[in-house]
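Hydrogens, waters and symmetry mates are skipped; everything else that's a heavy atom, side chains included, is used.
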Amino acid sequence: MKIFTIGQVANKVGINIGAIRFYERKGLLEPAVRNEQNNRLYTEQEINWLVFLKCLRETGMSVEEIKKYHDMVKAGTSTLPERIKLIQDQKQALLDEIEQKKAQLVHLEHKLERYYRGENY
């Protein structure tokens with residue numbers, strides 16, 4: 001099993017070291033195993049979790065909601081229906097946001113078309 005330092009994890013996941021420490025403090029990431037020099041060490045499984053955690057944050061899920069989700073994962077498969085619902089809701093919120101962004105893009109394109117025709121509004 002390959003082990004990674006916090007700096008390596010930050011680079012692989014694309015987040016900063018402070019964010020990893022923050023997620024650990026908030027209980028979104030299990031406390032890291034430490035080596036003799038007291039450096040945090042992580043496994044590929046923890047990296048995969050951080051990649052998903054980053055995805056959830058980027059879709060707008062709050063730290064509190066992610067904590068709830070993380071606690072459900074730790075509780076086991078009995079929480080699968082709740083986890084499915086939580087992820088489905090986040091997926092729908094993201095789809096709604098994409099539709100809003102598409103509408104905004106159309107509006108900007110129409111404005112540019114007017115300007116290209118020499119209109120002033």
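Using a 4.5 Å heavy-atom threshold, the side chains of H110 and E113 count as touching. Inter-residue side-chain proximity for I15 and R57 is flagged as unmet; no heavy-atom pair is nearer than 4.5 Å. Using a 4.5 Å cut-off on side-chain heavy atoms (C-beta onward), I66 and Y23 make no contact. Side-chain contact between H70 and L53 is absent, with no heavy atoms from C-beta onward closer than 4.5 Å. Contact of the I3 side chain with the L41 side chain is registered, since non-hydrogen atoms from C-beta on lie closer than 4.5 Å.
Note on V33: it does not cluster hydrophobically with I17, by side-chain heavy-atom contacts below 4.5 Å among ILVMFWY residues.
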Begin with the C-alpha distance, continue with both residues' side-chain angles, and end with the deciding distance and a verdict on side chain to side chain contact (heavy atoms under 4.5 Å, CB included) for I47 and Q8.
CA-CA 10 Å; I47 291 172; Q8 291 169 320; over 6 Å; no
Stepwise, does the side chain to side chain contact (heavy atoms under 4.5 Å, CB included) test hold for L94 with T59?
CA-CA 6 Å; L94 182 58; T59 65; 3.8 Å; yes
Derivation and outcome, side chain to side chain contact (heavy atoms under 4.5 Å, CB included), residues K12 and L50
CA-CA 10 Å; K12 280 180 85 87; L50 280 168; over 6 Å; no
Under the side-chain hydrogen bond (donor to acceptor under 3.5 Å, both in side chains) criterion, do E65 and S62 qualify, and how do the steps go?
CA-CA 5 Å; E65 290 172 310; S62 70; 3.3 Å; yes
Check against side-chain hydrogen bond (donor to acceptor under 3.5 Å, both in side chains), Q92 and D96:
CA-CA 6 Å; Q92 188 58 54; D96 293 346; 2.8 Å; yes
Under the side chain to side chain contact (heavy atoms under 4.5 Å, CB included) criterion, do Y115 and K111 qualify, and how do the steps go?
CA-CA 6 Å; Y115 288 158; K111 181 59 76 177; 3.6 Å; yes
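One finds the CG atom of N16 at 9.5 Å from the CZ atom of R21 (value rounded to the nearest 0.5 Å). Residue W49 holds its CH2 atom at 12.0 Å from CD of E46, rounded to the nearest 0.5 Å. To the nearest 0.5 Å, atom CD1 of residue I87 and atom NZ of residue K91 are 11.0 Å apart. To the nearest 0.5 Å, atoms CD1 (I6) and CG (N11) are separated by 11.0 Å. For the atom pair CD (E109) and CG (L112), the distance works out to 8.0 Å, reported to the nearest 0.5 Å. Interatomic distance, OH of Y69 versus OG1 of T79, reported as 8.5 Å (0.5 Å rounding).
Dense packing is recorded around NZ of K67, with more than 12 heavy atoms of other residues, nucleotides or ligands lying under 6.0 Å away. Heavy atoms of other residues, nucleotides or ligands lying less than 6.0 angstrom from NZ of K74 number more than 12. For E119, the CD atom is densely surrounded, since the number of other residues' heavy atoms within 6.0 Å is greater than 12.
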